[in-house]
2 protein chains.
Amino acid sequence: MVNNNIIINKLKKEIDAFQIKCRKAGLKVTPQRLVVYKALIETKQHPSAEMVFRRVRKVFHNISLDTVNRTLAILSKIGVASTVEGSGDAKRFDGNLKPHQHFKCIKCKRIIDFYHKPFENVKVPADIGEKFTVLRKTVYFEGICDSCR
Amino acid sequence: MVNNNIIINKLKKEIDAFQIKCRKAGLKVTPQRLVVYKALIETKQHPSAEMVFRRVRKVFHNISLDTVNRTLAILSKIGVASTVEGSGDAKRFDGNLKPHQHFKCIKCKRIIDFYHKPFENVKVPADIGEKFTVLRKTVYFEGICDSCR
DNA sequence: CTCTGTGCAAACACTTTGCAGCTAA
DNA sequence: TTAGCTGCAAAGTGTTTGCACAGAG
């Protein structure tokens, strides 16, 4: 057991809520899960598993990439994180649960959040809504970012 | 040189246009490119490279998966195909250039086209448009399809 | 104490690259 | 003829799986 007081300093409220969600889902609250969760909500980088891994390794030296991968999948499953849409490349994760949209630079792969109210609640066309269960609706832009052009 | 009359039977118009686009881009029109292109526009399945490969192998027995991969990348580059947005999994390609949106089943990975006019021309918010060059705007739904639920 | 979660290693899936021979233009 | 393309093989990147041990509840 690693000293949680060092790893978990701020973000107390989110972390408490996370622990409750874990227990509700029948999942143990392990220090690994806590650091991965914390690393994800601390950044706006929409990191890949590898990026999260490099980050958490600094405070949790012998965590494995597998655990990070498994944990990120779990976070998506219990609804405290999500995977960012995109075409190809490695999965990217997002701990921001507030409604927002993404712009992805096809050169540097940077993902930028933006928020445009009219996109917040895109209506599902009737024929789709009747036939399928829509769980996620996204508006997604791709292009070249300011620093790449 | 494989007999093109067997491979290229219908879709004459699209294929002629494709040949012109290739030449304009300085690309040679090879039988491999023709069969890959044809396989892609013939289906509504939004296939992965592997799926295209299995398809074209039936008519072009010794084509390699590498060539299929390279060709699909080229088709996207010259604008006669596109990669479908999604989270994770293998790249999926689309030869349908008409404006449309995608619904993807997270269980069976099936991608279904739909068309809802209001989504055709999503406006880019001013602050994004000024800062970034937006090349692609998509509205994308995820959920469970009729046969999976 | 028990059963889930972890770390490690290996397997796996998908994509990319280097290169020699081939072929469309 | 020749620049570009293909097929093959190998390597690279990202993800998944099986298993013994560790630790949260």
Side-chain angles (χ1 to χ4, degrees), chain A residues 1-4 7-8 15 18-37 46-54 56-57 59-78 83-84 86-93 106 109, chain B residues 1-4 7-8 15 18-37 46-54 56-57 59-78 83-84 86-93 106 109:
Chain A
M1 175 63 184
V2 177
N3 186 341
N4 276 344
I7 298 169
I8 300 148
I15 287 163
F18 169 61
Q19 301 201 18
I20 291 165
K21 281 204 182 182
C22 278
R23 296 215 181 85
K24 271 192 183 152
L27 298 169
K28 290 181 180 170
V29 179
T30 64
Q32 286 91 334
R33 285 177 181 167
L34 285 170
V35 285
V36 168
Y37 175 69
H46 310 83
S48 63
E50 183 71 39
M51 288 156 86
V52 173
F53 176 59
R54 281 201 296 268
V56 297
R57 260 233 156 148
V59 292
F60 201 127
H61 299 279
N62 74 326
I63 196 169
S64 72
L65 173 58
D66 317 67
T67 298
V68 174
N69 257 309
R70 279 186 279 227
T71 304
L72 289 169
I74 286 169
L75 297 186
S76 300
K77 206 170 170 181
I78 64 172
T83 58
V84 180
S87 354
D89 310 313
K91 280 197 193 78
R92 300 281 287 268
F93 297 88
I106 56 172
K109 313 293 182 195
Chain B
M1 176 63 183
V2 178
N3 186 342
N4 275 344
I7 298 167
I8 301 148
I15 287 163
F18 169 60
Q19 301 202 17
I20 291 166
K21 281 205 182 182
C22 278
R23 297 215 181 85
K24 271 194 182 151
L27 299 168
K28 290 181 181 170
V29 179
T30 64
Q32 287 91 335
R33 285 178 180 166
L34 285 170
V35 287
V36 169
Y37 176 69
H46 311 83
S48 64
E50 184 71 38
M51 288 157 87
V52 172
F53 177 59
R54 280 201 296 269
V56 297
R57 260 234 155 146
V59 292
F60 201 128
H61 300 279
N62 75 326
I63 196 169
S64 72
L65 174 58
D66 317 68
T67 298
V68 173
N69 258 307
R70 279 187 278 227
T71 303
L72 289 170
I74 286 169
L75 297 186
S76 300
K77 207 170 172 183
I78 65 171
T83 56
V84 180
S87 351
D89 311 314
K91 278 196 193 80
R92 301 279 288 267
F93 296 88
I106 56 173
K109 313 294 182 193

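Computed over heavy atoms, backbone and side chain alike; hydrogens, waters and symmetry mates excluded. Every chain is numbered from 1 and lettered A, B, ... according to where its sequence line falls, protein lines coming before strand lines.
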Taking for each residue the nucleotide of DNA chain C with the nearest heavy atom, is it B:Lys91 or B:Arg23 whose nucleotide lies nearer the 5' end?
B:Lys91
With sugar-phosphate taken as primed atoms, P, OP1 and OP2 and all else as base, the protein-contact string of nucleotides 2-11 of chain C at under 4.0 Å (heavy atoms; B, S, -) is -BBSBBBB--
Please state how far atom CD in A:Glu50 lies from atom C1' in D:dG12, giving the value in whole angstrom units.
13 Å
Hey, does A:Thr71 have a side-chain heavy atom less than 4.5 Å from the side chain of A:Val35?
no
Whole angstrom is fine here: how far is it from CZ in B:Phe53 over to C1' in C:dT15?
14 Å
note: A:Leu72, atom CG; D:dT15, atom P; distance rounded to Å ~ 10 Å
Atom-to-atom span, CG of B:Leu65 to C1' of D:dC5 - whole angstrom
16 Å
Could you check whether any side-chain heavy atom of A:Phe93 comes within less than 4.5 Å of a side-chain heavy atom of A:Leu75, counting everything from C-beta outward?
no
Do the side chains of B:Asn69 and B:Lys91 get nearer than 4.5 Å, heavy atoms only?
no
Is there a side-chain contact between A:Ile78 and A:Phe18 in this structure, where contact means two heavy atoms from C-beta onward sitting under 4.5 Å apart?
yes
Please tell me if the side chains of B:Thr83 and B:Arg92 come closer than 4.5 Å, counting only heavy atoms from C-beta onward.
no
Integer-rounded Å distance: C:dT15 P and A:Lys109 NZ
13 Å
What I'd like to find out is whether the side chain of A:His46 reaches to under 4.5 Å of the side chain of A:Met51, using heavy atoms alone.
no
Please report, rounded to the nearest Å, how far the C1' atom of D:dG12 is from the CG atom of B:Asn69.
14 Å
